[in-house]
Amino acid sequence: MKQLVISEWLLTELAKDNFPLNMPNHRRVYEAIRRAITQQIMPAGARLPSTRRLAQELSVSRNTILAAFEQLSDEGYVVAKSGSGTYVSYEQPDEFTKKSAVANVTVSKLEDLAKTTLADNYSALSKRGMAACISTSTQNHPNKKSHEIQPFTPGEDDYSGFPYTLWRRLLNRQWRTPNTNIPQPSMLDSSHEGGYLPLRKAIADYLRVSRAVNLTFEQVLITSGTQQSIDLCARLLTDHGDQVWVENPGYWAARRVLEVNGLQLHPVNVDKEGMAPSTQDFRVVPRMIYTTPSHQYPKGMVMSYGRRRLLLDYAQNVGAWIIEDDYDSEFRFEGRPISSLQGMDQNGRVLYLGTFSKVIYPGIRLGYLVVPEKLIECFKSGLYELQRPGQMLIQATLADFIEEGHFSSNIRRLRLIYGERRRLLQAALAPIASVGARLSTLDSGLHLVVEFDQSCDDISIAELAAEQGIRVYPLSHYGMAENREKGLIIGYAYASTERITHYGNLLAELIQSALK
């Protein structure tokens with residue numbers, strides 16, 4: 001432990017009301033340090049501050065500290081090394097060793113108890129906190145498990161080939177203004193105008209051409225990613241208890257954000273044309289509709305023109321807002337790009353959002369939100385007041401990265417890599433058709449979907465795969481209510497091209513064995 005932290009801990013301990021006052025100062029210091037050692041606040045081998053420094057920080061005489069150290073040394077708690085300092089001894093007194101053994105048994109019992117009563121640990125949270133930590137609709141979802149990335153983990157991208165040297169050069173350029181070695185003061189502040197202006201312009205130009213989004217740069221706001229964008233929409237456009245249509249199966253992280261904001265989720269099933277509201281669904285009038293029309297998550301179908309027109313007209317009639325999540329539109333491997341739903345909107349009901357995490361690197365934490373013109377000022381104000389966006393230097397670097405053509409080059413490179421991995425994985429999994437499993441043939445995205453019959457236990461199959469070092473997610477965990485679809489979500493972006501056939505064959509054999 002750092003010496004400064006030790007000093008602060010000792011000061012706090014000495015100031016406690018229940019700490020003995022009716023004893024000499026050196027004894028009080030001794031007792032405080034001894035407690036730090038026995039409670040393992042200061043682990044074995046930790047170096048104590050010098051007597052002179054500790055005396056200054058505790059506002060006592062140096063003789064007081066010397067006396068305390070001497071008693072600790074005599075009792076075996078610390079050992080002094082000539083010319084080096086005083087350290088917590090590795091050989092502690094017998095009494096302390098026994099206490100430690102008892103403490104370890106107690107800790108072990110507590111850990112066992114915690115495993116069986118995990119939900120009780122959240123009892124102090126608010127309803128909103130409970131929704132964020134243990135959502136009832138996403139219990140046992142893969143996000144509760146280890147975050148270790150393994151072959152076929154969905155939602156992960158391969159950023160090992162990212163042009164780090166180029167990015168560092170662009171970033172260094174932003175650190176220097178002409179004739180100085182420091183950035184402009186505005187680059188160190190948070191943004192109250194929705195983000196770095198050149199980046200907003202670059203995004204507007206890109207979306208106008210590649211996604212047929214109808215916008216001006218004023219409509220673009222820079223956020224920290226998809227979930228922040230959804231959270232901002234929920235906070236500014238809905239009230240607690242409002243109904244929200246969500247796709248079923250659908251993106252669990254979006255559902256989580258909406259739940260935390262106190263919204264009532266109404267699942268709408270999807271078919272081969274995308275979100276498919278039924279007569280019963282129309283009886284639940286939503287305040288907001290969340291959808292992934294260009295590449296439904298997780299099943300991958302593209303929403304038809306007729307279904308898009310239906311949603312837009314319905315939203316206008318009932319006064320609902322549509323959140324269009326265009327999460328991986330860059331990765332379409334065949335055919336023409338799919339136009340955005342926002343580009344068809346004539347009434348300003350669609351809020352369009354995207355992220356750079358899949359095409360730059362995950363930790364960049366930058367996304368964008370395109371709002372209708374009538375909401376521009378409200379959303380700028382809300383973004384600043386609620387979330388205080390920053391990272392202006394990173395935003396400026398990204399703007400240069402886009403404007404100089406590096407962004408497009410990086411996407412083309414990734415398309416080639418991911419397209420090849422997709423082809424290899426499809427070939428490796430082809431044999432599963434012999435046992436009735438159905439492999440998606442859609443030509444976009446960063447994952448494949450294997451569909452099973454309703455009688456199959458996709459959770460058990462995913463667990464068997466995990467035992468083989470393969471991380472896949474059960475399709476049923478993306479669904480809501482009863483009769484959830486069964487299958488596996490298999491990501492291929494993170495799996496190396498060299499090993500994807502090996503792991504694909506292994507997974508195919510596992511699926512065949514499980515379904516026979």
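Keep in mind that this is a model prediction, so the values were computed, not measured.
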- Message: Tell me whether the NZ or CZ atom of Arg388 lies within the 45° cone about the ring axis of Tyr384 and under 6.0 Å from its centre.
- Response: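 So Arg388 does make the cation-pi contact.
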- With Trp245, which of Tyr314, Tyr290, Trp321 fulfils ring-ring contact (aromatic ring centres under 6.0 Å, His included)?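 Option passing the ring-ring contact (aromatic ring centres under 6.0 Å, His included) with Trp245: Tyr314.
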- Could you go step by step and tell me if Asp231 and Arg235 meet the salt bridge (charged side-chain N to carboxylate O under 4.0 Å, His left out) rule? CA-CA 6 Å; Asp231 181 68; Arg235 287 173 181 262; 2.7 Å; yes
Can you tell me how far [atom2] of [Y] sits from [atom1] of [X], rounded to the nearest 0.5 angstrom?
X: Glu324; Y: Leu341; atom1: CD; atom2: CG; value: 4.5 Å
X: Leu207; Y: Gln219; atom1: CG; atom2: CD; value: 11.0 Å
X: Tyr368; Y: Phe356; atom1: OH; atom2: CZ; value: 5.5 Å

- Item | Ile402 vs His406 side-chain heavy atoms within contact, under 4.5 Å |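 Side-chain contact under 4.5 Å: no.
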- Query: Is there side-chain contact between Ser210 and Tyr206, with at least one heavy-atom pair below 4.5 Å?
  - Reply: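 When only atoms from C-beta onward are counted, Tyr206 and Ser210 do touch, with a gap below 4.5 Å.
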- Specify whether Tyr297 and Tyr327 have parallel, tilted or perpendicular ring planes, treating 30° as the upper limit for parallel and 60° as the lower limit for perpendicular.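 Ring orientation of Tyr297 relative to Tyr327: perpendicular.
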- Task: Might you work through the side chain to side chain contact (heavy atoms under 4.5 Å, CB included) test for Met344 and Arg309, ending with a clear yes or no?
- Result: CA-CA 8 Å; Met344 297 174 57; Arg309 192 73 268 160; 3.9 Å; yes
- Would you please test Gln174 and Asp400 for side chain to side chain contact (heavy atoms under 4.5 Å, CB included) and show each step? CA-CA 10 Å; Gln174 295 301 330; Asp400 288 349; 2.7 Å; yes
- Item | Results of ring pair (Phe, Tyr, Trp, His ring centres under 6.0 Å) for Tyr164 - residues two or more places apart only |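 Ring pair (Phe, Tyr, Trp, His ring centres under 6.0 Å) check on Tyr164 returns Phe162.
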- Check step by step if side chain to side chain contact (heavy atoms under 4.5 Å, CB included) holds for Ile489 and His477. CA-CA 10 Å; Ile489 310 298; His477 279 160; over 6 Å; no
- Task: Check whether any side-chain N or O of Asp458 sits under 3.5 Å from a backbone N or O of Gly487 as a donor-acceptor pair, and report yes or no.
- Result: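 Side chain of Asp458 to backbone of Gly487, a donor-acceptor pair under 3.5 Å: yes, one is there.
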Between [X] and [Y], does any side-chain N to carboxylate O distance fall below 4.0 Å?
X: Arg173; Y: Glu404; value: yes
X: Lys299; Y: Glu485; value: yes
X: Lys486; Y: Asp453; value: no

